[in-house]
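Take a look at the structure below.
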Amino acid sequence: MTEQTIDKQPSSKQPSAATPALNITPVSDAIGAEIRGVDLAGIDDATFAALHRAWLDHGVLLLRDQLLSDAQLVAFSRRFGDLDEAPPNENGKGGVDGFPEVLVLSNVKENGKAIGALGNAEAIWHSDMNYIPEPPTGSVLYSLEVPETGGDTGFCNMYKALDALPSDLRAHIADLKIKHDSSTNSGGFLREGAKPVTDVRDCPGAIHPIVRTHPETGRKALYLGRRRYAYIMGLDLDESEALLDEIWSHATRDDFTWHHRWRVGDVLIWDNRCAMHRRDDFDDSARRIMHRTQIKGDAPF
Ligand code: OGA
Ligand code: MN
């Protein structure tokens with residue numbers, strides 16, 4: 001026997017280099033999984049492929065005890081796709097020096113000026129940038145400083161929310177579309193240049209199907225964006241409000257949600273196509289500093 005023949009093993013018995021086994025632990029029955037034993041600063045292609053698969057399967061990934069420079073955060077995030085540049089926040093500034101893709105979320109003020117977006121207030125349930133034609137695919141959020149209490153981030157599984165809709169309601173909304181108001185952000189601030197909303201039927205914003213198909217998993221998910229100033233196209237105002245209230249109270253039920261209590265060095269990666277998120281408020285005398293990237297997306301269908 002030649003050495004070559006001896007070396008040949010049935011492929012099923014060989015550990016496949018293409019799919020390393022990840023240590024994946026679901027963090028709740030609703031959504032999310034923790035990945036242990038992966039250093040995002042030095043991740044290789046095969047491990048990333050497995051991580052990406054886990055992200056599609058679980059909607060949100062948590063990785064703890066990471067130590068990432070902005071360059072490493074950007075390099076890791078780029079593996080998911082092209083990144084958006086950080087939009088100007090409510091204080092008019094976007095990005096960090098040298099890394100226009102890195103958005104700072106923080107309540108910390110230096111010389112009287114906020115160093116980041118979103119302050120310390122509650123951010124209500126939303127998916128990111130639902131009000132544009134091509135909302136982002138997802139985001140990577142990395143914690144540098146966190147308050148001792150408060151500032152938790154919640155996630156809601158929109159596949160499950162859709163699957164559990166009563167069948168008559170599901171049939172009723174199958175072909176409906178929502179207009180997603182673009183004037184107000186998730187913290188309730190009016191975006192720069194936006195006019196206060198007086199009638200949701202007239203406000204600006206993208207129109208997307210209420211039920212969308214995830215382009216990578218093929219699964220259908222509810223797509224609600226955010227409640228405030230939403231409008232279901234073609235319905236009377238009262239009908240639209242009542243139907244939205246009904247779907248929202250169903251979708252944000254506890255059994256579809258999970259809330260993350262932050263530690264420094266945590267990374268959360270969410271899939272914005274099948275998960276909504278929110279943030280609890282926290283004491284403004286505490287400091288919360290997060291660095292965040294956002295993966296460019298495509299039009300929902
Ligand atoms: C976001 C967001 C929540 C948080 O980054 O899009 O909503 O917990 N953040 O900071
Ligand atoms: Mn958000």
Side-chain angles (χ1 to χ4, degrees), residues 27 31-32 59-64 68 70 73-74 77 80 83-91 93-96 99 101-108 114-132 135-158 180-182 184-189 191 205-206 223-228 230 252 257-284 286-297:
V27 291
I31 189 168
V60 187
L61 296 183
L62 164 66
L63 293 98
R64 304 204 104 139
L68 298 174
D70 286 322
L73 175 64
V74 167
S77 304
F80 287 87
L83 302 181
D84 282 321
E85 295 210 344
N89 60 39
E90 58 260 30
N91 309 298
K93 183 171 172 278
V96 304
F99 297 98
E101 305 92 341
V102 176
L103 173 68
V104 179
L105 299 183
S106 188
N107 65 316
V108 173
I115 64 166
L118 222 56
N120 71 313
E122 176 185 2
I124 55 175
W125 284 115
H126 65 282
S127 55
D128 287 326
M129 298 179 80
N130 58 312
Y131 47 86
I132 65 170
T137 291
S139 271
V140 181
L141 188 58
Y142 172 53
S143 59
L144 289 96
E145 292 188 48
V146 297
E148 234 153 71
T149 57
D152 296 5
T153 305
F155 292 92
C156 181
N157 186 328
M158 301 301 274
H180 297 258
D181 167 55
S182 62
T184 323
N185 74 12
S186 55
F189 299 96
R191 292 179 207 285
Y223 188 53
L224 299 181
R226 50 200 83 195
R227 174 64 187 90
R228 193 190 274 125
T252 53
T257 68
W258 162 66
H259 295 262
H260 177 59
R261 167 98 286 271
W262 288 92
R263 295 195 320 224
V264 169
D266 287 351
V267 169
L268 282 182
I269 312 161
W270 65 82
D271 187 333
N272 197 43
R273 301 163 294 186
C274 58
M276 293 199 297
H277 57 277
R278 50 157 288 129
R279 184 192 72 187
D280 292 341
D281 63 354
F282 57 97
D283 194 311
D284 206 17
R287 292 165 62 94
R288 190 179 193 263
I289 304 179
M290 321 289 275
H291 282 195
R292 176 191 188 281
T293 56
Q294 181 168 287
I295 305 137
K296 279 187 197 293

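Keep in mind that this is a model prediction, so the values were computed, not measured. As the structure lists them, so they are numbered: ligands from 1, and atoms in each ligand from 1.
Atom numbering of ligand 1 starts at 1 in the shown order; those under 4.0 Å from a heavy atom of Leu105 are 5 (O), 9 (N), 10 (O). Each of the atoms 4 (C), 8 (O) of ligand 1 lies under 4.0 Å from some heavy atom of Thr153. Set against the non-hydrogen atoms of Arg279, the atoms of ligand 1 under 4.0 Å away are 3 (C), 4 (C), 8 (O), 10 (O).
Under the 6.0 Å cut-off for aromatic ring centres, Tyr223 and His180 qualify, their centroids lying closer than that.
Side-chain atoms of Arg288 never come within 3.5 Å of backbone atoms of Ser106 as a donor-acceptor pair (strictly under, hydrogens ignored). For the pair Arg292 (side chain) and Ser139 (backbone), a donor-acceptor distance under 3.5 Å is absent. Using a distance-only test at 3.5 Å, with no hydrogens or angles considered, a donor-acceptor pair links the side chain of Arg226 to the main chain of Ser127.
Every N/O-N/O distance between Trp262 and ligand 1 stays at or above 3.5 Å. Between Asp128 and ligand 1, an N or O atom pair is found at a separation short of 3.5 Å.
Within the structure, ligand 1 has His126 among the residues with a heavy atom less than 4.0 angstrom away.
No option in Val267, Leu105, Leu103, Thr293 other than Leu105 meets the side chain to side chain contact (heavy atoms under 4.5 Å, CB included) test with Leu141.
Of the N and O atoms on the side chains of Asn272 and His277, not one donor lies less than 3.5 Å from an acceptor on the other residue. A donor-acceptor contact under 3.5 angstrom links the side chains of Asp266 and His260, judged on distance only.
Around atom 10 (O) of ligand 1, the closest heavy atom drawn from Gln294, Arg288, His277, Met276 belongs to Arg288.
For the Mn ion (ligand 2), the nearest N, O or S atom contributed by Asp128 is named OD1.
With a heavy-atom cut-off of 4.0 Å, Leu141 touches ligand 1 through its side chain alone. In Trp270, the part holding a heavy atom less than 4.0 Å from any atom of ligand 1 is the side chain.
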